[in-house]
2 protein chains.
Amino acid sequence: MRENKFLSIYDELVNQIQSGRMKPNTKLPSENELVEQYHTSRETIRKALNLLSQNGYIQKVKGKGSFVLDVSRYDFPVSGLVSFKEIAQKMGRPWKTIVNKLEEIQPDEYLQKQLHISSKDTVWKVIRSREMEHERIILDKDFFIKKVVPNLTTEICEGSIYEYLEHEAGLKISFAKKEITVDEPTEEDYCYLDLKDYKHVVVVKNYVYLEDMSLFQYTESRHRLDKFRFVDFARRGN
Amino acid sequence: MRENKFLSIYDELVNQIQSGRMKPNTKLPSENELVEQYHTSRETIRKALNLLSQNGYIQKVKGKGSFVLDVSRYDFPVSGLVSFKEIAQKMGRPWKTIVNKLEEIQPDEYLQKQLHISSKDTVWKVIRSREMEHERIILDKDFFIKKVVPNLTTEICEGSIYEYLEHEAGLKISFAKKEITVDEPTEEDYCYLDLKDYKHVVVVKNYVYLEDMSLFQYTESRHRLDKFRFVDFARRGN
DNA sequence: AAGTGGTCTAGACCACCGT
DNA sequence: CGGTGGTCTAGACCACTTG
């Protein structure tokens, strides 16, 4: 009983949908019925259902009811904060992370601006290549403020830095802004990516904020354009 | 008093933030204070604040309060369902829409699959170029099921089809899935875009669903890569 | 200890949908 | 008409932050 009530109801319903016990295009029990089933109040049920709706599991229709959506059609991660590790695992392909660089630097002007820091702050610079099917497809450049993340090792970088930060270091990520553009390759790109003849790379810039609203990480993910794919959901209301 | 109470409170707070009356990094009145100011209940205030949080205007911190975020840094539309018209207006640049084609077609196999229809259904095919600063930068290919959208004219297509569909035709869009990739240009791209020497285009595929969960529109937006930019928010919790 | 946001309750009225 | 989800209320308890 540690979990919030509305969250555990949400989890149970997600489970029923993903396992196939609730089939797509069928109607869920009405909110009042769920109130009885779970011995709770209607607002709590509504909180759980709104979460399901936001995450693409159900569709609520006024006057009719809530309906199970066909989850199997949305083959890709939905939420925005997705790490490379999660993506690679969902795609079920073998992949490898190569740590090219892990060093402490003094931020140049561009970085000072991106991270909102002064030139006196030290910054971790991590450069990693992501390899799939023997091709280095993605170049990840991460910059962390050292004040916030004192320790960083090659081992951590080979896994998922996000996982380490959230679970080990106990930092709470609250939101991220993502920006996608297309640029010409830099020297670094030519060096650390198998670029073939492509004259451009897809650049995904990530600004990650902590719960106290401080920006603590700036990431640039540079993708070979033929391998790039990004999927996003947008919903209006419920 | 037509609007929902929580929506009008949301609107007023958005206004205060965007106009600069509420400055970034300052604290909002506490929820209890807002309850008194707006003569309402706390859950209603919370609904408004959650909307503000979801849309990137504020950040709520347990035990401390709600804080105004620096909205000016997020210079681009945040929500996913954004029409070209909105984007162009926010960028404050002159733009033009050219309707290249507006015709009824029988869907080929690819389209039948994308729209989940049979070969017997008629489909509107609309091809529009988007021009900014005398360059055709974006090629929009829209496909609508004619059963759902019986009437479509060149005039409508020159404006915003979304606006027409939602306000005039009364269709309720519930959610959309977006997919971004990079492809080689097609003949159509060469014909309707000022492509310069670029050997690729950024392709944004949009699947738009109605409230009854039926897919009714498939759109392909093909962008010249040097002019492409996509911004997205992702938030955990709150 | 006081103030904050997060959760939860039990009840109410409304707009919408089907019959 | 009865059932559905959408909104709103007034009150309660909790976990967290700050003085």
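Order of the sequence lines fixes the chain letters, A, B, ..., with proteins taken first and strands second; residue numbering starts at 1 for each chain. Predicted model, so just to flag it, every value in this text is computed and none were measured.
- At the phosphate of D/dT9, OP1 or OP2 sits under 4.0 Å from a side-chain N or O atom of B/K5.
- The nearest whole Å value for the distance from the OH atom in A/Y10 to the C1' atom in C/dT7 is 18 Å.
- B/E31 is linked by a salt bridge (Lys or Arg N to Asp or Glu O under 4.0 Å) to B/R42, B/R46, B/K60, counting only residues two or more places apart in sequence or in another chain.
- Considering only residues two or more places apart in sequence or on other chains, B/F228 meets the ring-ring contact (aromatic ring centres under 6.0 Å, His included) condition with B/H223.
- Rounded to whole angstrom, the span from the NZ atom of B/K60 across to the C1' atom of D/dC16 amounts to 14 Å.
- For the segment residues 35-45 of chain A, residues with any heavy atom less than 4.0 angstrom from an atom of DNA chain C are, sorted by number, A/T40, A/S41, A/R42, A/E43, A/T44.
- Checked against side-chain hydrogen bond (donor to acceptor under 3.5 Å, both in side chains), B/E12 has the following partners two or more places apart in sequence or in another chain: B/Y38.
- Comparing C/dG5, C/dA15, C/dT9 against the side chain of A/K62 picks out C/dA15 as the nearest.
- B/F6 carries B/K47 over the face of its six-membered ring, with the cationic atom under 6.0 Å from the centre and within 45° of the normal.
- Atom CD of A/Q37 has more than 12 neighbouring heavy atoms from other residues, nucleotides or ligands inside a 6.0 Å radius.
- C/dG5 atom P lies 8 Å from atom CD of B/E33, rounded to whole Å.
- The salt bridge (Lys or Arg N to Asp or Glu O under 4.0 Å) test applied to B/K146 returns B/E104, not counting sequence neighbours.
- B/L7 has its CG atom 13 Å from the P atom of D/dG6, to the nearest Å.
- Taking for each of A/F6 and B/S30 the nucleotide of DNA chain C with the nearest heavy atom, the 5'-most of the two is the partner of B/S30.
- The distance between atom CZ of B/F67 and atom P of C/dT4, rounded to the nearest whole Å, is 11 Å.
- Taking only side-chain nitrogens and oxygens, B/K47 comes nearer than 4.0 Å to OP1 or OP2 of D/dT7.
- Between the CG atom of B/L34 and the C1' atom of C/dG3 there is a distance of 14 Å, rounded to whole Å.
- With sequence neighbours excluded, the residues satisfying ring-ring contact (aromatic ring centres under 6.0 Å, His included) with B/Y218 are B/Y207.
- If you take CZ of A/R46 and P of C/dT9, they are 15 Å apart, rounded to a whole angstrom.
- Scanning for salt bridge (Lys or Arg N to Asp or Glu O under 4.0 Å) contacts around A/E155 gives an empty result, with sequence neighbours left out.
- An angle of 10°, rounded to 10°, separates the two end axes of the helix from C/dA1-D/dT18 to C/dG18-D/dC1, each defined over five pairs.
- Listed pair B/K64 / C/dG3 fails the phosphate criterion, with no side-chain N or O lying under 4.0 Å from OP1 or OP2.
- Per the geometry, CG belonging to B/N4 stands 18 Å off P belonging to C/dC13, to the nearest Å.
- Scanning for salt bridge (Lys or Arg N to Asp or Glu O under 4.0 Å) contacts around A/R128 gives A/D142, with sequence neighbours left out.
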